[in-house]
Amino acid sequence: MKTLVWVEHDGKAVKDATLAVVTAASKLGEVHLLVAGSGVDAVAKEAAGIAGVGKVHVADNAAFGHNLPENVAPLVAELMGSHDAFLAPATTTGKNIAPRVAALLDVMQISEILSVEGPKTFTRPIYAGNAIATVESSDAKLVLTVRGTAFDKAATSGGSGTVEAVGAGSDAGISSFVGAEIAKSERPELTSAKIIVSGGRALGSSEKYEEVIVPLADKLGAALGASRAAVDAGYVPNDYQVGQTGKIVAPQVYFAIGISGAIQHLAGMKDSKTIVAINKDEDAPIFQVADFGLVADLFNAVPELTGKI
Ligand code: FAD
């Protein structure tokens, strides 16, 4: 089987999310990559070095400069004439492109695969991760999004893929890039951080989040996260949200502070290697998944913990 993997990048380097997708694709067959963008020579070179990659298709065109799915999806659909499966990371960008590709090919998308069980058989979460379904495709072509935390990352070196330019592509003219406001932060990115400190509704305000959660994260070199309740209450920006409708994370250590452990939150973090929960309610559901639980008032316990690190 010939697979085509969408390479997520920022114009300069391949994003980590791609590496897990390469591993998933290698379980199906030959791995080809698609690097689309404007001025992406360096990305294509880096992509060709990823272990296990056979070929890198490069579509270098201003129309692909900002990952506009309306422009990218037709390109992918065209390349699918000579590939059997398209795989993209289950990220915002991947989830923006893959369904459009599936629609153009008139096939079913299989979302957020967790494992490859056979050439057309996969597992995927349902009911916010409370059950795992095994699904089999009956379509001639596969379109899959891949949950990054479910697959090991392919090595970034050791590959010797060939680089091949593909058709010029064009601007579909139905969307345009207006601008991007990108938050600049010295912190690790939430989805690739080794340690995450998350705060919940119990914090009560953005000032308390800053005062209690941020110093602990600083000491640990951790990324910052939050429950949806904390996001909805405006304590932190949207992109901090962990969970079913936020980010799916699986760090080495996850701190859930003043977070009850609703299933929608657990759906985003329960695969973390070690979970530390601080909650004043000993019956809070978060303690059912926690490796270390502290029943305490967070406003006392967290500053004390931070002080001792
Ligand atoms: P609460 O449930 O209010 O919990 C606060 C906790 O803090 C309690 O356990 C309390 O005992 C504890 N506490 C209070 N004071 C203190 C103190 N001083 N010291 C220590 N502990 C204290 N939620 C997400 O997080 N992510 C999602 O992606 C998400 N998606 C959703 C999608 C849908 C369709 C729906 C319906 C809901 C979704 N939710 C999501 C919301 C989810 O159901 C919960 O409402 C939310 O996770 C609760 O956030 P919380 O734990 O911060 O707040």
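Just follow the structure's listing: the first ligand is 1, and inside any ligand the first atom is 1. Just so it is clear, the structure is predicted and the values come from calculations on it, not from any experiment. One-based numbering along the sequence shown.
- Counting heavy atoms under 4.0 Å from ligand 1, residue Ala230 does not touch it at all.
- For the pair Leu298 and ligand 1, the shortest N or O to N or O distance falls below 3.5 Å.
- Of all atoms in ligand 1, listed by their number and element, those nearer than 4.0 Å to a heavy atom of Ala296 are 19 (N), 20 (C).
- Considering backbone and side-chain atoms alike, Gly261 places every N or O at 3.5 Å or more from each N or O of ligand 1.
- Heavy atoms of other residues, nucleotides or ligands lying less than 6.0 angstrom from CZ of Phe177 number more than 12.
- At a 4.0 Å heavy-atom cut-off, ligand 1 touches Ser227 through backbone and side chain alike.
- Taking atom 20 (C) of ligand 1 as the reference point, the nearest protein heavy-atom neighbour is Lys280 N, 3.2 Å.
- Only the backbone of Val242 comes within 4.0 Å of ligand 1, counting heavy atoms alone; no side-chain atom from C-beta on gets that close.
- The Asp297 neighbourhood of ligand 1 comprises atoms 17 (C), 18 (N), 19 (N), with distances under 4.0 Å to a heavy atom of that residue.
- Proximity to Gly200 (heavy-atom distance under 4.0 Å) selects the following atoms of ligand 1: 52 (O).
- Counted within 6.0 Å of CE on Met1, heavy atoms from surrounding residues, nucleotides or ligands total more than 12; the atom is thus considered enclosed.
- Using a 4.0 Å cut-off between charged nitrogen and carboxylate oxygen, Arg201 and Asp232 do not count as a salt-bridge pair.
- Applying the 4.0 Å criterion to heavy atoms of Gly246 picks out, from ligand 1, the atoms 28 (O).
- Considering only non-hydrogen atoms, atom 31 (C) of ligand 1 lies nearest to Arg228 out of Gln244, His265, Lys208, Arg228.
- Looking at Arg201, Gln264, Met269, it is Gln264 that brings a heavy atom closest to atom 38 (C) of ligand 1.
- Counted by atom type alone, Ser115 and Glu117 present one or more donor-acceptor pairs between their side chains at under 3.5 Å.
- His83 and His57 have perpendicular rings, their planes meeting at more than 60° on a 0 to 90° scale where under 30° would count as parallel.
- Thr91 and Glu8 share a donor-acceptor pair across their side chains, judged by distance under 3.5 Å alone.
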*Would Ser198 and Tyr254 count as a side-chain hydrogen bond (donor to acceptor under 3.5 Å, both in side chains) if you check the C-alpha gap in whole Å, the side-chain angles of each, and the deciding distance to 0.1 Å?*
CA-CA 7 Å; Ser198 274; Tyr254 185 89; 2.7 Å; yes
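- Counting protein heavy atoms only, atom 10 (C) of ligand 1 is closest to Asn279 OD1, 3.6 Å.
- For atom 30 (N) of ligand 1, the closest non-hydrogen atom on the protein side is Thr245 OG1, 2.6 Å.
- Residues satisfying the side chain to side chain donor-acceptor pair (under 3.5 Å) test with Ser175, not counting sequence neighbours, are Glu70.
- Judged by distance alone, the side chains of Glu210 and Ser206 never bring a donor and an acceptor atom under 3.5 Å apart.
- With a 6.0 Å radius and a threshold of 12 heavy atoms from other residues, nucleotides or ligands, Lys120 has its NZ atom above the threshold.
- Lys95 and Glu112 are joined by a salt bridge, as a carboxylate oxygen and a charged side-chain nitrogen come within less than 4.0 angstrom of each other.
- Here the protein heavy atom with the shortest distance to atom 2 (O) of ligand 1 is Ser260 OG, 2.7 Å.
- Hydrophobic clustering (ILVMFWY, side-chain heavy atoms < 4.5 Å, transitive): Val7 and Val72 are in distinct clusters.
- Of the protein's non-hydrogen atoms, Ala202 CB, 3.3 Å is the one closest to atom 14 (C) of ligand 1.
- Evaluated by nearest non-hydrogen atom to atom 6 (C) of ligand 1, the leading choice among Gly258, Gly243, Ala267 is Gly258.
- For ligand 1, the atoms sitting less than 4.0 Å from at least one non-hydrogen atom of Ala262 are 42 (C), 43 (O), 44 (C), 47 (O), numbered in the order shown with element in parentheses.
- Annotation: atom 27 (C) of ligand 1 to nearest protein heavy atom, Gln241 NE2, 3.2 Å.
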